[in-house]
Amino acid sequence: MDQAIRSKRFELFAFGLAGFISAAVLFAVAQLVSVFFATSSAPFVALGSTFIDFTPPWLKDFAIATFGTNDKLALFVSLGIVAAILAALVGLLARRNFVAAAIAILILSAVIGTSVITRSATDSMDLVPVIIGTLFGLGTLKWLTGLASTGRSPRHEEEPSAGPSRRKFLVASSLSLLGAAIAAGVGTSIAATRNAAEAARLALGLPAPKAKAAKIPTGAQVDVKGMPKFVTPNEDFYRIDTALSVPRIDPAEWSLRVHGMVDNEFTMSFNDLLGEELVESYLTLTCVSNPVGGDLVGNAKWLGYPLRKLLERAGPQAGADMVLSTSIDGFSASTPLEILTDDRMALLALGMNDEPLPLEHGFPVRMVVPGLYGYVSATKWVVDLEVTRFGEKDAYWTTRGWSERGPIKMSSRVDVPRSFTKLPPGEVVIGGTAWAQTIGISKVEVKVDDEPWQKAELAEEATLDTWRQWRYVWKGGSSGNHSVTVRAYNADGEMQTSDRADPVPNGASGWQRVQFSIADS
Ligand SMILES: Nc1nc2c(c(=O)[nH]1)N[C@H]1C(S)=C(S)[C@@H](COP(=O)(O)O)O[C@H]1N2
Ligand SMILES: [Mo]
């Protein structure tokens, strides 16, 4: 056969293969990176779900009738075949015009990106996997098509270099394909374990508590438009942790080791925990990093086993003064033993607002301790409790400049109006929240401009461990700028300090002042 024809055939094959491999790299890299983002950020999952949304009912029925429970597999296989053919065509296009092929790939990524972003509960960060995948895909296309080209000018066709350049192309494409296979394999297996945790969470029926939490009085919520809900819904609950990718623990694999300065070391399984007498309790969790007026605070109903009882069973030895709780990802918190054994409701929690803990809030098990900032008490994905001494062990944040103890500082916040709101003339309804966990709030005062301090109306108290809402109706004032300052008193009669402190090393303090303005009448 004529050398020129053979070269041409090889080139067509090589460009088609380059297109296919580039797409494989794009998908595989995106799949791997998606492990760090929402499940729906994985390209196949996103494309597949979008495809299902657009499938006409007759095709759906046909698929279910033909493939049964393998209908999803059939969908993914068909998507894969279509993508492979399109990708090979893109490769052939690159032979004529690389820019046009690159644009075709960008269009493909845009389709994937659109499917990702139209899933509910995604944020724009979920586009990162597709974007990184696309960069790798384009890079691979550039690299492989560069090697695939044997040169189309007649003078090059006779060059003996066709041999080594083919070899180079074949080595490069094998390497790319191997890389894609590894990325896809690792990405898929991580996704499979995390899906196991998600599936287990969905299947989990929470046991009924031995003691139900007292009902929240309706008067705990003040009647002010724009106030946060007294009980924070799980999806609105603030999230703070050091976990780049949320740990996914199958409850069947979870266990908690209790050890250290104790008479009886033991290990507890998730089933053991389900068999214990569980209790419910409302508790307002607060982050030490919350600035004055900030929103790193949330209130939920927790279901769990009292840590007091757990530690009783372990039998702490004399001299122990701290419990170091460690999470599966290595985070740790140091909590005073005394606080975990007094009569407050420190819980080893598995439920949050009548649901199993959401994955990002510590599924399957975490700690919550009334009155302490999260960094010294609220270990999520907890797997180890060591009874020890403050003098002996340091927790995660303690070695990074934060105090070893972190009682929550009494705080009050203006929720309504928000800073720099422009209000119509007339009465101004001001609303907010205050907290002094384990002690309770007894009074809140507000000061508008330079007027004297006034008592706000307090909402009904739910428990001493929860925040308390308040409201104050100001008669209104002239058009222009105004400000409102707030301060709280706890049930011991102590006033919230006006001393300004930054969050580091043990929590912010100071009175919050909010500026707002009144429009011309
Ligand atoms: N495993 C683990 N648990 C953790 C943290 C963490 O980084 N890793 N952060 C803590 C901090 S600082 C806070 S404020 C609370 C926040 O809990 P949330 O994300 O459920 O609101 O979790 C605590 N538990
Ligand atoms: Mo925190």
Side-chain angles (χ1 to χ4, degrees), residues 36 197 201 228-229 231-249 254-257 281-292 294-304 307 323-335 339-340 346-386 394-409 411 433 435 437 465-467 501-509:
F36 299 104
R201 178 177 180 273
K229 293 206 174 84
V231 177
T232 315
N234 289 354
E235 55 281 10
D236 298 343
F237 208 96
Y238 82 94
R239 173 188 166 197
I240 293 285
D241 53 59
T242 58
L244 181 56
S245 126
V246 175
R248 317 255 159 182
I249 307 175
W254 178 86
S255 69
L256 177 71
R257 179 165 173 240
S281 168
Y282 283 93
L283 177 168
T284 299
L285 201 65
T286 312
C287 182
V288 68
S289 302
N290 193 41
V292 170
D295 56 7
L296 298 178
V297 51
N299 182 44
K301 179 166 78 175
W302 307 92
L303 171 74
L307 280 156
V323 175
L324 186 74
S325 52
T326 307
S327 124
I328 197 157
D329 67 354
F331 169 89
S332 60
S334 52
T335 314
I339 284 182
L340 294 177
L347 293 180
L348 188 63
L350 63 152
M352 181 176 183
N353 292 330
D354 298 314
E355 269 181 41
L357 290 176
L359 298 182
E360 46 304 347
H361 293 291
F363 182 80
V365 182
R366 74 174 302 171
M367 293 179 29
V368 283
V369 181
L372 297 185
Y373 287 122
Y375 83 108
V376 288
S377 67
T379 306
K380 306 191 271 189
W381 315 290
V382 64
V383 291
D384 190 287
L385 297 184
E386 180 181 358
D394 286 320
Y396 186 89
W397 286 114
T398 317
T399 58
R400 289 162 173 83
W402 297 78
S403 303
E404 68 179 14
R405 288 164 204 253
I408 296 176
K409 295 180 183 176
S411 217
T433 316
W435 55 89
Q437 288 94 327
D465 297 336
T466 52
W467 56 16
D502 283 333
V504 190
N506 54 19
S509 67

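Each ligand, and each atom within it, is numbered from 1 in the order the structure gives. Quantities reported herein were computed from a predicted structural model and do not represent experimental measurements.
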Considering only heavy atoms of Y375, which atoms of ligand 1 have at least one such atom less than 4.0 Å away? 11 (C), 12 (S)

Among non-hydrogen protein atoms, atom 8 (N) of ligand 1 lies closest to F331 CG, 3.2 Å

Close-contact set for ligand 1 against L285 heavy atoms, below 4.0 Å: 17 (O), 21 (O)

Should M367 be listed as contacting ligand 1, given a heavy-atom distance under 4.0 Å as the test? no

Indicate yes or no: does an N/O atom of I240 lie under 3.5 Å from an N/O atom of ligand 1? yes

If we number the atoms of ligand 1 from 1 as shown, the ones under 4.0 Å from a heavy atom of C287 are 14 (S)

Any donor-acceptor pair under 3.5 Å linking the side-chain atoms of K229 with those of N299? no

Heavy-atom closest pair (D384 atom, L256 atom, distance to 0.1 Å) is N-CD1, 3.4 Å

Can you name the nearest heavy-atom pair linking W397 to T242, along with the distance? CZ2-CG2, 3.8 Å

Test V246 against W381 for side-chain contact (heavy atoms from CB on, under 4.5 Å), laying out the working first. CA-CA 9 Å; V246 175; W381 315 290; 3.9 Å; yes

Name the closest protein heavy atom to atom 13 (C) of ligand 1, giving the residue it belongs to and the distance to 0.1 Å. G374 CA, 3.7 Å

Shortest protein contact, atom 24 (N) of ligand 1 (heavy atom only): A378 O, 2.9 Å

Option of least heavy-atom distance to atom 7 (O) of ligand 1 (set: L296, T286, V376, T242): T242

Tell me the closest heavy-atom pair linking W402 and P505, and the distance in Å. CE3-O, 3.3 Å

Ignoring angles and geometry beyond distance, decide whether K380 reaches within less than 3.5 Å of ligand 1 through its nitrogen or oxygen atoms. yes

Would you indicate whether Y238, at its atom OH, is surrounded by more than 12 heavy atoms from other residues, nucleotides or ligands within a distance under 6.0 Å? yes

Does the pair T286 and Q437 meet the rule for a side-chain hydrogen bond (donor to acceptor under 3.5 Å, both in side chains), with working shown? CA-CA 10 Å; T286 312; Q437 288 94 327; 3.0 Å; yes

Pairwise side-chain contact, W302 with S281, heavy-atom cut-off 4.5 Å (strictly under): no

Tell me which one of W402, Y238, F237 gets a heavy atom nearest to atom 14 (S) of ligand 1. Y238

Please assess D241 against F331 for the test side-chain contact (heavy atoms from CB on, under 4.5 Å), listing each intermediate value before the final yes or no. CA-CA 9 Å; D241 53 59; F331 169 89; over 6 Å; no

K380/E360 salt bridge by N-O under 4.0 Å criterion: no

Show the nearest heavy-atom pair for residues P407 and L372, with the distance to one decimal. CA-CD2, 3.8 Å

Ignoring hydrogens and geometry beyond distance, is a side-chain donor-acceptor pair present between S332 and T326 at under 3.5 Å? no

Provide the number and element of each atom of ligand 1 under 4.0 Å from a heavy atom of D329. 1 (N)

Going by distance only, is there an N or O of H361 that falls short of 3.5 Å from an N or O of ligand 1? yes

What I want to know is whether V288 and ligand 1 share at least one N or O pair that is separated by under 3.5 angstrom. no

Check: D241 N/O within less than 3.5 Å of ligand 1 N/O: no

Looking only at protein heavy atoms, what sits closest to atom 17 (O) of ligand 1 is R366 NH2, 3.0 Å

Pick one of side chain, backbone, both or neither for how S327 approaches ligand 1, counting any non-hydrogen atom pair under 4.0 Å. side chain

What atoms of ligand 1 come within less than 4.0 Å of a heavy atom belonging to T379? 3 (N), 24 (N)

Check W381 against ligand 1 and report side chain, backbone, both or neither, counting heavy atoms closer than 4.0 Å. side chain

